[in-house]
Structure formats: structure tokens, C-alpha cells
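What follows is a single structure, written as C-alpha cells, with notes after it.
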Amino acid sequence: MLQVKLIITGDDFGYCPRRNQGIVECFLAGAVSNVSLLVNGSAAADAAKLARRYNIPIGLHANLSEGSPVCEVLKTNSSLLNQDGFFHGKMGFRTALSKGLLNMSEVKQELKAQVELFQELTGHLPPHMDGHQHVHVLPERKEASVLTACRGHEKLLIQLLTAVLVLLPEVRHVFAEVLEEYGIKYTRVPIEPGLQNCDWIPPSLMDFYLGVEEDSFNTVDVFTKHGIRWPDIYIGLSTMGRNMSVSSVRSAIDSAVLQLSAGAPRSSAAIELMVHPGYPSVPPVGGCGEGPDDFSQSWERLHELQTLIKPELQSHYKSRNIQLCSFKDL
């Protein structure tokens with residue numbers, strides 16, 4: 001029988017004390033097997049202490065979109081910041097990127113600063129590193145207006161400009177370079193099987209998810225080139241928040257196992273399930289410098305916690321010969 005390893009990663013560890021509490025409770029209940037730390041989170045130091053106390057496997061949730069940078073020289077006059085002095089936000093980061101407004105050397109500087117702060121807080125380098133709000137798979141897109149502005153000029157000029165744009169670095173390339181530089185072997189590639197068939201996801205959210213998936217497909221070669229690895233299958237977009245239930249998690253895992261079993265013969269395979277359990281944040285406590293956002297204050301965090309700890313899920317893992325583990329166990 002195929003030995004399936006399941007990494008259940010609690011994201012946003014360090015976001016606030018109530019998120020930390022919920023994630024630790026899930027870990028102790030055997031409902032989470034791995035956590036991903038926001039080093040710029042308001043409760044990051046406490047989260048690192050809790051990970052040491054309870055021997056919780058911990059990696060880095062690199063953050064370029066919410067709150068404040070950890071690199072001192074980037075806290076002012078940085079392309080990564082909006083007019084209020086904070087990161088641009090989930091969609092704002094993507095907009096600034098599409099307009100070519102972000103300095104990739106500053107992206108790399110901040111990512112390295114976060115790796116080093118992680119090491120300072122935990123005493124070791126992260127075994128895995130992914131991107132908060134999936135920024136780690138983003139390309140550097142340029143607006144079509146840049147090329148449109150060249151209409152009427154010589155064809156050679158347009159070709160030259162196009163070549164220059166193609167050669168500009170992308171977020172995913174910078175991310176991969178940082179992982180390789182620090183010897184961090186694992187990341188997350190959010191390509192979820194069957195995502196397009198999840199008709200319970202609102203169209204606006206589905207559009208965002210499918211964009212993340214497209215970026216992820218285009219990132220595979222980049223990460224492979226740098227020797228970075230990731231679990232065989234990712235789950236987490238279709239089961240997030242209110243969409244999480246015992247049946248939705250079981251169905252997603254069973255579909256993943258079926259897909260793995262139908263592929264080339266192998267003795268073992270790995271799945272990552274991304275989750276966000278916790279107790280809802282209570283303002284003004286929490287966040288990454290700006291206070292907690294709506295996502296963290298939502299009842300959906302507690303809903304995930306209560307669903308993940310249900311004994312029916314633990315029984316399901318055992319019945320399917322699924323072993324919960326962390327990235328360092330791969």
C-alpha cells in the first residue's frame with residue numbers, strides 16, 4: 001500500500017496570541033503537524049517560544065504584502081511600502097508588481113532579513129519557506145501600455161525593449177535564489193487538483209485562486225532549476241475557512257490519494273494541507289504592524305480549529321494509512 005505522508009501546516013503562526021493559542025491546541029490534539037511563522041507578526045517571538053516548548057516543527061511564512069518589513073533600511077523610502085509606510089497589501093502588492101514599481105533587490109533584501117530573523121528567533125534555519133498570500137510564485141509583470149507606447153517607433157526598438165523586460169527578475173526567481181542561498185530545501189506550490197470544479201467558491205475568489213494556480217504552474221521550472229522541492233500534492237484553497245468541513249477535507253485527501261495511486265508506482269508520497277486555525281483576533285491586538293485584518297478576526301478561524309480537531313478526521317487518516325508529519329520528515 002502507498003505510504004502517504006500528510007503535512008498539515010498551520011499558517012500565520014505569530015500573527016497574534018489568539019492565533020498562536022489555537023494553532024498550539026491543534027498541534028497538541030494531533031490536528032496540525034507543522035507551522036509556518038510570520039516573523040513580522042506581533043506575536044512572533046512568543047510563537048517561536050511555543051514551538052520550542054512543544055517541539056512543533058516550524059518553517060517561515062515569508063511576508064511581503066502585510067504589515068511592516070523587518071529589514072531596518074527598508075522601513076522608509078522603499079518600493080515595498082505604500083504611502084502609509086506599510087506593505088502594499090495582497091492585491092496592492094500584485095498591482096505594484098504589474099506596474100513594475102517594485103525593486104527586486106529590495107524584495108531579496110527583505111526575504112533574507114526574514115530568514116535571518118527566523119534563525120534568531122528559533123535558533124535554526126527554516127526547513128521550509130513559503131509566501132504569505134502566495135506572493136512567492138508571482139512573476140514580474142509589465143503593463144502592456146509600456147510596449148503600446150512604442151507604437152510608431154522602429155521595430156528594433158520594440159524588440160530591444162521587449163528583451164529588456166523579459167530579462168528583469170521575477171519575485172519567484174528572487175525567492176528561489178534566497179532558498180538556494182540558505183540551503184532551504186522545501187517550499188509550497190499551490191496547485192490544487194480539481195480546483196476549477198469547486199462550485200462553492202465565489203467567482204471573485206475563484207478568479208484569484210486560478211491566478212495563483214497559473215502563477216504556480218509557471219513557477220515549477222524555476223524552483224526545479226534551483227533544486228527546491230515541495231510535496232506531491234497541495235490542498236487548502238477549496239477547504240479554507242467556512243468551506244472547511246470533515247467531509248470536504250476527507251474528500252480532498254481521498255482525491256489526492258487516488259491521484260497519487262494512479263500515477264507511476266512509488267512507495268511513498270506527500271500531501272500538504274494548508275490551514276488557518278485559531279481564535280479570532282481581537283483588535284487592536286495582533287497583525288503585522290497595522291493591527292489584525294478581517295480575515296484574522298473572522299469566526300472562520302475558530303471554525304477551522306473546531307473542524308480539524310474532530311476525531312472523525314484523525315480516524316480517517318489512520319484508515320487511509322496516512323502518516324502526519326512535517327517538512328523535515330520528508
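Predicted model only: the values in this text are computed from it and were never measured.
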Around atom [atom1] of [X], are there more than 12 heavy atoms of other residues, nucleotides or ligands at under 6.0 Å?
{"X": "Arg266", "atom1": "CZ", "result": "yes"}
{"X": "Lys225", "atom1": "NZ", "result": "no"}
{"X": "Asp294", "atom1": "CG", "result": "no"}

First locate atom CG of Leu80, then atom CG of Asn103, and finally report the distance between them rounded to the nearest 0.5 Å.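 It comes to 7.5 Å.
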**Message:** Nearest 0.5 angstrom please: Cys288 SG to Asp293 CG, how far?
**Reply:**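 Those atoms lie 8.0 Å apart.
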Donor-acceptor side-chain pairing of [X] and [Y] below 3.5 angstrom:
{"X": "Asp221", "Y": "Thr224", "result": "no"}
{"X": "Tyr182", "Y": "Glu116", "result": "yes"}
{"X": "Glu272", "Y": "Thr9", "result": "yes"}
{"X": "Ser281", "Y": "Gln297", "result": "no"}
{"X": "Tyr209", "Y": "Gln196", "result": "no"}

Task: Check against side chain to side chain contact (heavy atoms under 4.5 Å, CB included), Trp200 and Asn243 - done: CA-CA 8 Å; Trp200 57 88; Asn243 294 322; 3.4 Å; yes
Using a strict cut-off of less than 4.0 Å between a Lys/Arg side-chain nitrogen and an Asp/Glu carboxylate oxygen, indicate whether [X] and [Y] qualify as a salt bridge.
{"X": "Arg172", "Y": "Glu170", "value": "yes"}
{"X": "Lys112", "Y": "Glu181", "value": "yes"}
{"X": "Arg320", "Y": "Asp254", "value": "yes"}
{"X": "Lys108", "Y": "Glu177", "value": "yes"}

So, do [X] and [Y] sit near enough that their side-chain heavy atoms are less than 4.5 Å apart?
{"X": "Leu138", "Y": "Thr219", "result": "no"}
{"X": "His61", "Y": "His132", "result": "yes"}
{"X": "Ile8", "Y": "Tyr317", "result": "yes"}
{"X": "Phe87", "Y": "Ser68", "result": "no"}
{"X": "Ser216", "Y": "Pro190", "result": "yes"}
{"X": "Tyr15", "Y": "Ser42", "result": "no"}
{"X": "Lys5", "Y": "Ile322", "result": "no"}
{"X": "Val135", "Y": "Ser65", "result": "yes"}

Go through it in stages, so that I can follow the logic: the residues are Met129 and Phe175, the test is side chain to side chain contact (heavy atoms under 4.5 Å, CB included), and I'd like the CA-CA distance, side-chain angles, deciding distance and then a yes or no. CA-CA 9 Å; Met129 175 174 161; Phe175 188 86; 3.6 Å; yes
Q) Where does the angle between the aromatic ring planes of Phe223 and His136 fall among parallel (under 30°), tilted (30 to 60°) and perpendicular (over 60°)? A)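 If you compare the ring of Phe223 with that of His136, the planes turn out parallel.
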query: In terms of ring plane angle, is the pair Tyr234 and His134 parallel, tilted or perpendicular, where the classes change at 30° and 60°?
result: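 It falls in the perpendicular class, over 60°.
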Between [X] and [Y], is there a shared hydrophobic cluster once you connect ILVMFWY residues whose side-chain heavy atoms come closer than 4.5 Å?
{"X": "Ile56", "Y": "Val275", "value": "yes"}
{"X": "Leu258", "Y": "Val249", "value": "no"}
{"X": "Leu237", "Y": "Met244", "value": "no"}
{"X": "Ile7", "Y": "Leu305", "value": "no"}
{"X": "Leu273", "Y": "Met240", "value": "no"}

With Leu37, the side-chain contact (heavy atoms from CB on, under 4.5 Å) member among Leu117, Asp11, Asp12, Ile58
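Option passing the side-chain contact (heavy atoms from CB on, under 4.5 Å) with Leu37: Ile58.
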*Does Asp329 reach the main-chain N or O of Ser326 with its side chain, forming a donor-acceptor pair under 3.5 Å?*
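Yes, Asp329 side chain to Ser326 backbone: donor-acceptor pair under 3.5 Å.
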Quiz item: With distance as the sole test, does His276 use its side chain to make a donor-acceptor pair with the main-chain N or O of Gly10 at under 3.5 Å?
Solution: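 Judged by distance alone, no pair lies under 3.5 Å.
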Picking from Gln21, Arg19, Glu25, what satisfies side chain to side chain donor-acceptor pair (under 3.5 Å) with Tyr279?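 For Tyr279, the side chain to side chain donor-acceptor pair (under 3.5 Å) test succeeds with only one of Gln21, Arg19, Glu25, which is Glu25.
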Test side chain to side chain contact (heavy atoms under 4.5 Å, CB included) on Val107 and Leu111; report intermediate values, then the result. CA-CA 6 Å; Val107 168; Leu111 289 175; 4.0 Å; yes
Verify the ring-centre separation between His88 and Phe93: is it less than 6.0 angstrom?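 Ring-ring flag for Phe93/His88: false, centres at least 6.0 Å apart.
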Query raised in the report: Given Asp130 and Val189, is the side chain to side chain contact (heavy atoms under 4.5 Å, CB included) satisfied, shown in steps?
Result: CA-CA 8 Å; Asp130 55 52; Val189 176; over 6 Å; no
